[in-house]
Amino acid sequence: MIDLARRAAGKAYVPYSGFPVGAALLLADGRVVTGCNVENASFGMTICAERTATTRSVVSRATAEQPRIEVAAVVGLKADGQPCYPCGACRQVLHEFGCRTLVVEADGSPRAHDYAEILPHAFGPQDLED
Ligand code: THU
């Protein structure tokens with residue numbers, strides 16, 4: 001998953017930040033969907049890698065059922081070599097589709113987090129149920 005995320009980072013469109021990020025999502029149906037960040041001259045229109053992968057997993061599904069994200073792997077090529085954790089907006093978007101585990105790369109090895117560690121007390125679809 002980390003390798004796939006790194007490969008996706010290689011596709012990033014980052015003329016403004018020069019900071020490529022890649023994401024790979026393992027879905028409950030066994031599919032793996034990747035994404036990269038796509039920047040824009042109107043900076044606020046930039047889409048993060050995690051959200052690119054999430055929207056791809058919705059539009060590419062074969063059935064009416066929405067994707068369930070088991071694992072999200074994220075690789076950001078940071079100058080300091082430290083792991084790249086998803087921004088707050090992406091944490092929320094991954095949570096919408098039930099993300100259970102986040103994997104980042106730390107010292108060249110995968111580091112896994114239970115999702116509640118990175119988005120405690122999350123607000124989600126269940127909060128809107130009657
Ligand atoms: N970025 C991501 O793709 N994912 C994150 O979770 C953090 C930030 C991107 C957005 C922008 O293209 C670049 O990293 C610098 O913020």
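Computed over heavy atoms, backbone and side chain alike; hydrogens, waters and symmetry mates excluded. Atoms within a ligand are numbered from 1 in the order they appear, just like the ligands themselves.
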Inset, instruction - Taking atom types as modelled, find out whether Glu70 and Thr101 have a side-chain donor-acceptor pair closer than 3.5 angstrom. - result: no
Inset, instruction - Could you list the atoms of ligand 1 found under 4.0 angstrom from a heavy atom of Pro86? - result: 6 (O)
Inset, instruction - Output the list of atoms in ligand 1 that are nearer than 4.0 Å to some heavy atom of Thr46, sorted by atom number. - result: 10 (C), 11 (C), 12 (O)
Inset, instruction - Could you walk me through whether Leu26 and Met1 pass side chain to side chain contact (heavy atoms under 4.5 Å, CB included), step by step? - result: CA-CA 8 Å; Leu26 173 63; Met1 291 294 289; 3.6 Å; yes
Inset, instruction - Using a 4.5 Å cut-off on heavy atoms from C-beta on, say whether the side chain of Pro86 contacts that of Leu102. - result: yes
Legend entry - 4.5 Å side-chain heavy-atom contact, Thr54 and Leu25: yes
When you measure from [atom] to every protein heavy atom, which one gives the shortest distance, and what is it?
atom: atom 9 (C) of ligand 1; result: Asn37 ND2, 3.3 Å
atom: atom 8 (C) of ligand 1; result: Cys48 SG, 4.0 Å
atom: atom 14 (O) of ligand 1; result: Phe19 CD2, 3.3 Å

Say whether [X], considering both its backbone and side-chain N or O atoms, lies within less than 3.5 Å of an N or O atom on ligand 1.
X: Ala49; result: yes
X: Glu50; result: yes
X: Cys87; result: yes

Inset, instruction - Might you work through the salt bridge (Lys or Arg N to Asp or Glu O under 4.0 Å) test for Glu50 and Arg91, ending with a clear yes or no? - result: CA-CA 8 Å; Glu50 300 89 328; Arg91 291 178 197 211; over 6 Å; no
Inset, instruction - Using the six-membered ring wherever Trp is involved, compare the ring planes of His95 and Tyr115 and label them parallel, tilted or perpendicular (cut-offs 30° and 60°). - result: parallel
Inset, instruction - I would like to know whether Thr52 and Asn37 meet side chain to side chain contact (heavy atoms under 4.5 Å, CB included); could you show each step before the answer? - result: CA-CA 7 Å; Thr52 306; Asn37 48 340; 5.9 Å; no
Legend entry - Nearest-option assignment for atom 12 (O) of ligand 1, heavy atoms, candidates Lys78, Glu39, Arg91, Arg51: Glu39
Inset, instruction - Give the contacting part of Ser17 toward ligand 1: side chain, backbone, both or neither, where contact means a heavy-atom distance below 4.0 Å. - result: side chain
